[in-house]
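Each remark here refers to the structure printed beneath this line.
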Amino acid sequence: EVHLVESGGGLVEPGGSLTLSCVASGITFSIYGMTWGHQVAGKDIERVATIDNTGRNKMYRDSVKDRFTVSRDNAKDTMYLKLNSLKSEDTAVYYCQVSKSWGRGTQVTVSS
């Protein structure tokens, strides 16, 4: 059974930074592409960033390009999302996904 645990969320001021982590278990992590998504209250989950199994190929939602960076460490079964220059509209629950499984998410709140 796939198990994904996100962490690293919190309250940050506009312009600030956070690094989110997603630790996976129950899968052979190194063969799967991974996704970060976020969900604003009352809306559906939106894909924010994807990374292939090697970590060499990445894609980003337009609204986060040049501000967010996705990476992974296959030796640690962990994916990361570095969030820079945060805006109030980045406030959401951030989830990681592999195959059809999602974690429980970590809340990011951007507010002064």
Side-chain angles (χ1 to χ4, degrees):
E1 180 182 357
V2 178
H3 191 52
L4 301 169
V5 179
E6 302 93 339
S7 63
L11 173 64
V12 62
E13 293 186 347
S17 298
L18 285 173
T19 299
L20 308 183
S21 300
C22 169
V23 179
S25 59
I27 58 169
T28 305
F29 183 80
S30 62
I31 68 172
Y32 286 94
M34 302 280 294
T35 296
W36 281 103
H38 71 191
Q39 185 174 31
V40 176
K43 297 187 177 181
D44 293 335
I45 292 178
E46 298 177 331
R47 297 183 189 278
V48 172
T50 61
I51 186 168
D52 74 353
N53 65 307
T54 68
R56 289 194 289 266
N57 296 300
K58 307 172 185 181
M59 294 183 66
Y60 298 93
R61 188 175 188 83
D62 284 348
S63 60
V64 307
K65 280 181 181 177
D66 301 323
R67 298 191 298 120
F68 291 6
T69 302
V70 61
S71 62
R72 65 190 293 161
D73 185 340
N74 285 348
K76 295 182 178 179
D77 293 350
T78 301
M79 177 177 64
Y80 304 96
L81 186 68
K82 180 68 183 293
L83 294 70
N84 292 322
S85 303
L86 281 161
K87 305 175 182 180
S88 58
E89 52 262 43
D90 296 320
T91 295
V93 180
Y94 284 73
Y95 300 89
C96 61
Q97 180 198 30
V98 63
S99 186
K100 296 181 181 180
S101 298
W102 292 90
R104 291 191 172 186
T106 184
Q107 175 72 47
V108 171
T109 302
V110 185
S111 176
S112 55

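Small disclaimer: the values here were computed from a predicted structure and weren't measured.
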Look at atom OH of Tyr32 and say whether more than 12 heavy atoms of other residues, nucleotides or ligands are closer to it than 6.0 Å.
no
Taking Lys87 first and then Asp90, would you say they form a salt bridge - that is, a charged N and a carboxylate O separated by under 4.0 Å?
no
With side-chain contact (heavy atoms from CB on, under 4.5 Å) as the test, pick out the partner of Leu18 among Val110, Leu11, Val108.
Val108
Dump the intermediate steps for side-chain contact (heavy atoms from CB on, under 4.5 Å) on Tyr60 and Arg67, then the final yes or no.
CA-CA 10 Å; Tyr60 298 93; Arg67 298 191 298 120; over 6 Å; no
If I compare all heavy atoms of Gly16 with all of Val12, which pair ends up nearest, and what's the gap?
CA-CG2, 3.7 Å
Nearest-0.5 Å distance, SG of residue Cys96 to OH of residue Tyr80
12.0 Å
Distance from Phe68 atom CZ to Ser17 atom OG, nearest 0.5 Å?
9.5 Å
Grab the two heavy atoms, one from Pro14 and one from Ser112, that are nearest each other, plus how far apart they are.
CD-N, 3.7 Å
Taking the side chain as every heavy atom from C-beta outward, state whether Gln107 and Thr91 have any atom pair closer than 4.5 Å.
yes
Among the clusters formed by ILVMFWY side chains lying less than 4.5 Å apart, do Ile51 and Leu4 turn up in the same one?
yes
Do you know the tightest heavy-atom contact between Asn57 and Thr54?
N-OG1, 4.5 Å
Compare all side-chain heavy atoms of Val70 with those of Met79 and state whether any distance is below 4.5 angstrom.
yes
Please answer whether the main-chain N or O of Leu20 pairs with a side-chain N or O of Glu6 as donor and acceptor at a distance below 3.5 Å.
no
Approximate separation, where rounding is to 0.5 Å, of His38 NE2 and Tyr94 OH
5.5 Å
Check whether Arg61 reaches the backbone of Gly37 with its side chain - one donor and one acceptor, N or O, closer than 3.5 Å.
no
Answer yes or no: is there a donor N or O on one side and an acceptor on the other, between the side chain of Asn74 and the main chain of Asn53, under 3.5 Å?
yes
Around atom NZ of Lys76, are there more than 12 heavy atoms from other residues, nucleotides or ligands closer than 6.0 Å?
no
Separation between CG (Asp77) and SG (Cys22), nearest 0.5 Å, reads 10.0 Å
